[in-house]
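Note sheet for the following structure.
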Amino acid sequence: MATIAEAAAAAPEPLGRLDQTLLIFAGLMEGGKEDEETVRELGELTRLLNDDVEVTKKGETSVTTVIDSDCVDTILCYLDMRQPDVVRAHAALCTSAYLKAAGEDGGKKLAEFFHDRVRRGTYDDYIVAFCVAATIFPIVPDLTSELFLSEGFLASLGPLMRRKWKSRKVETACLEMLNAACMNSACREAVRKYCTEWLEEIVEQDPDDAVKSMHTVDPDMHLQEGSISMRRHSLQVQNLAAVVLAKLRAVPSTAATAGPEARIQPATTSIEDLSKRFTRMLLDEDEIEHVQPSIEGLAYASLQPKVKESLSKDSKTLKRLVKALDEAPPRSPMIYGALSIFANLTRYRPIETDEEKRIRQLKAYANAAGKLQQVDPLNEDEHVTERCKRVFEAGLTPVLIKQSKSGSAASLALIISIIHALSTPPPLRGQLAQQGAVRLLIAAWTALPETENGPKRAAAQALARILISTNPALVFGGTRPIPQSAAIRPLASILTPDPTADRRDLLPTFESLMALTNLASTDDDTRKSIIRTAWDDVEEQLFNPNSRVCTAAVELVCNLVQDPEQTLALFGDGSPKAKNRVKVIVALADAEDPKTRSAAGGALASLTGFDEVVRAVVGLERGVEVVLGLCRDEREDLRHRGAVVVRNMVFSEGEVGRLARGKLVEGGAVEALMECAKGSKRREVVEVVVQAAEGLMGEGGK
């Protein structure tokens, strides 16, 4: 038979879109073709359907008008599990395009196809119907769940699966459909109600007994097929059933209040039992085909605290998961499944305020019918931290970096989540930096669009944590250095609150300030970049009512003003804004919190090297009083800062210096310096005090 392109070329005039569609279906209905030709035809049909929405807007007739029930039957039959994977993949794309273009009529034809096949009741019809349902669940979940929940459908699956003469393909197709259906909460509850008992029967059945019960005249089960092959299939079916059960066990039932009809038989196979089964499957090097279902099952089982803890202590399984992730094809389901497991193992509980804890406990109390539920101890931070350490020791970080370069947006979000968790324990931060996590986080933050607010903020916060605990020279040096300035924009992005959050979490702000402070300790270029990128947000944090955040902001300012040019621009140009900034720093030097006073005193020690800043301090009503208060502080480091500020003021030039010395003497500076010297044991403090005192007495003043 001629290909589509050949037939179109042979036509006397170019074929219209409707004729092209009919010609494609004629080819798809013709048997005996190579897979490559089928794939080409499905691809061409998909293109026509994708273009249909735009074309019909221009007044042209939709190609769906020539697609009748037989045509829909043709497309859907290519979703049969007995078709090659490449054909099924293209058929799925084509089905998605058709349902989008055909709208309500497409959904009606799909429903007719499904009900008709189930009503016929032959093995072939069941296989096709189940395969179609499994494929289209993610495409049109509402429509598929409606078909799935049709009256009597789920109840009929038990007797079908318990038939004495079984078809392995029917079993597999049915289980794949149930597996896909569990993504929908209503369908999951229905599966829990009608299918749990026979799913457990499948899982608990001895594989050898299952082989004996297989239908030896099943067209899919050839007589010459050996018992080893049949046993392998039996294990495959059991593994699929175990994955479905894991999804049912991992997600709590919502049927508790639905009345007596919703009651479900007690589970005989626990989530822990299923987890052990998946682990055995994963470690069986001779059964590579079991890796994918075992990872999918563990992705759900590892939501449970006991499973998380036991899995994290199994170093052999952790390393096998890392290997599976490393070897998985790009953008494959295995990558997402393995990443989900590691994300579950390392996930910390959200930080709660006292009010949030109280509300959560009240809700849990109400849902548990009067029993106060406590957080599982295995979900407490100390347990999560130990799990993070074990996961890190399994060698995960280099594999995450590798997969981040070619993964999907969903996979990248999971990778960021894992790195974010691993960056929580301080001992791991330096090692994360050594293994390339900083480059990963900066690249991820840059690549993610603004709509991905959560992953972007998580990447920036993880970056902040690492940069708090490491030497910037080591992080941004090496043979392939990262520009230090590349970290500033991500860090600056979390100085402000998350606009999508219900409440403001100050931890990212605090950690960002600390990281920027570390960077600002390096060189003037970095300080200039921080001021250019983030000064407004940094200045805002000086007024933060949280003392730790405010202190961190002052410490950052203290490092930023080490650059003379920037100090003059921000604090020393004599403008009202500059004077107001000096006023804020002086006020913070009088704060109740000693750390805030210390940071502000350090900033003043740098700022008062400039005459205009000294003029601004002297011009404040309590400026000199606050400075001398630092000299009298009970903490020696604060006294040191106060003495440096006094010395700077004493040795100011010209009129500013004379004004400052006069105000200092008037304010009792000599007495304050004497107290400072008597209470100080460190030589460098006494030396500064002596210099300041000499200046006040006219021996060094100008």
Side-chain angles (χ1 to χ4, degrees), residues 134 157-158 161 171-172 174-185 187-207 209-210 231-255 264-284 287-318 320-321 324-325 333-334 336-345 347 376 378-379 387:
L157 295 182
M161 293 297 103
E171 278 187 312
T172 304
C174 179
L175 290 169
E176 287 185 350
M177 175 185 64
L178 295 181
N179 192 24
C182 284
M183 67 184 288
N184 177 279
S185 59
C187 294
R188 187 169 57 248
E189 289 303 323
V191 172
R192 198 191 308 270
K193 179 179 179 181
Y194 291 106
C195 306
T196 297
E197 188 176 342
W198 60 263
L199 284 169
E200 289 186 333
E201 289 173 7
I202 293 174
V203 171
E204 294 171 1
Q205 187 176 23
D206 186 292
D209 292 339
R231 191 175 191 279
R232 179 178 287 114
H233 165 69
S234 177
L235 286 171
Q236 181 185 3
V237 169
Q238 285 185 303
N239 295 339
L240 262 175
V243 170
V244 178
L245 277 178
K247 293 182 178 182
L248 300 181
R249 299 280 186 269
V251 183
S253 173
T254 59
I264 300 161
Q265 290 293 329
T268 59
T269 308
S270 69
I271 191 69
E272 290 83 7
D273 295 334
L274 293 170
S275 174
K276 291 174 184 176
R277 178 187 183 88
F278 297 138
T279 300
R280 289 195 302 270
M281 291 160 52
L282 185 65
L283 295 175
D284 189 350
E287 302 291 348
I288 301 300
E289 67 270 20
H290 295 164
V291 172
Q292 170 59 36
S294 68
I295 287 178
E296 185 179 1
L298 284 173
Y300 281 86
S302 59
L303 290 168
Q304 300 302 310
K306 287 183 180 179
V307 176
K308 291 182 194 180
E309 194 70 8
S310 62
L311 188 58
S312 73
K313 292 178 179 178
D314 186 348
S315 60
K316 190 175 181 181
T317 300
L318 286 181
R320 180 68 184 92
L321 282 167
L325 178 60
M334 192 182 297
Y336 191 84
L339 290 173
S340 297
I341 295 170
F342 289 120
N344 292 341
L345 295 182
R347 184 176 292 114
D376 193 304
L378 294 177
N379 279 335
R387 290 200 291 269

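One is the number of the first residue; the rest follow in order along the sequence.
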message: Tell me whether E189 is salt-bridged to R192, with the criterion being a basic N under 4.0 Å from an acidic carboxylate O.
response: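 Yes, charged N to carboxylate O under 4.0 Å.
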query: Are any non-hydrogen side-chain atoms of P333 and E296 less than 4.5 angstrom apart?
result: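 Contact flag for P333/E296 side chains = no.
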query: Side-chain contact, heavy-atom cut-off 4.5 Å: L282 with V291?
result: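 Yes, close enough: below the 4.5 Å cut-off.
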Please report the closest heavy-atom contact between [X] and [Y], naming both atoms and the distance.
X: G337; Y: A299; result: O-CB, 3.8 Å
X: P293; Y: V243; result: O-CG2, 3.2 Å
X: S275; Y: A301; result: CB-CB, 4.3 Å
X: F342; Y: L321; result: CZ-CB, 3.6 Å
X: A338; Y: I295; result: N-CG2, 3.4 Å
X: R277; Y: N239; result: NH2-OD1, 3.1 Å

At what distance, to the nearest 0.5 angstrom, does [atom1] of [X] lie from [atom2] of [Y]?
X: L248; Y: E200; atom1: CG; atom2: CD; answer: 9.5 Å
X: F278; Y: M281; atom1: CZ; atom2: CE; answer: 6.0 Å
X: L311; Y: E309; atom1: CG; atom2: CD; answer: 10.0 Å
X: L240; Y: E176; atom1: CG; atom2: CD; answer: 5.5 Å
X: Y300; Y: L245; atom1: OH; atom2: CG; answer: 13.5 Å
X: Q238; Y: L175; atom1: CD; atom2: CG; answer: 10.5 Å

Checking [X] side chain against [Y] main chain: does a donor-acceptor pair fall under 3.5 Å?
X: S310; Y: V307; result: yes
X: K247; Y: N179; result: yes
X: D284; Y: R280; result: no
X: R387; Y: L345; result: yes

message: Once salt bridge (charged side-chain N to carboxylate O under 4.0 Å, His left out) is applied, do any residues pair with E272, and if so which ones, sequence neighbours excluded?
response: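 Scan of E272 (salt bridge (charged side-chain N to carboxylate O under 4.0 Å, His left out), adjacent residues dropped) gives none.
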- prompt: S294 and T279: side-chain contact (heavy atoms from CB on, under 4.5 Å), yes or no, with the steps?
  reply: CA-CA 7 Å; S294 68; T279 300; over 6 Å; no
Residues M177, L157; criterion side-chain contact (heavy atoms from CB on, under 4.5 Å); working and verdict: CA-CA 11 Å; M177 175 185 64; L157 295 182; 4.0 Å; yes
task: Decide yes or no on side-chain contact (heavy atoms from CB on, under 4.5 Å) for L199 and V191, but give the supporting numbers first.
output: CA-CA 10 Å; L199 284 169; V191 172; 4.3 Å; yes
task: Have a look at K308 and tell me which of D376, I341, N379 forms a side-chain contact (heavy atoms from CB on, under 4.5 Å) with it.
output: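 Only one option passes, and that is N379.
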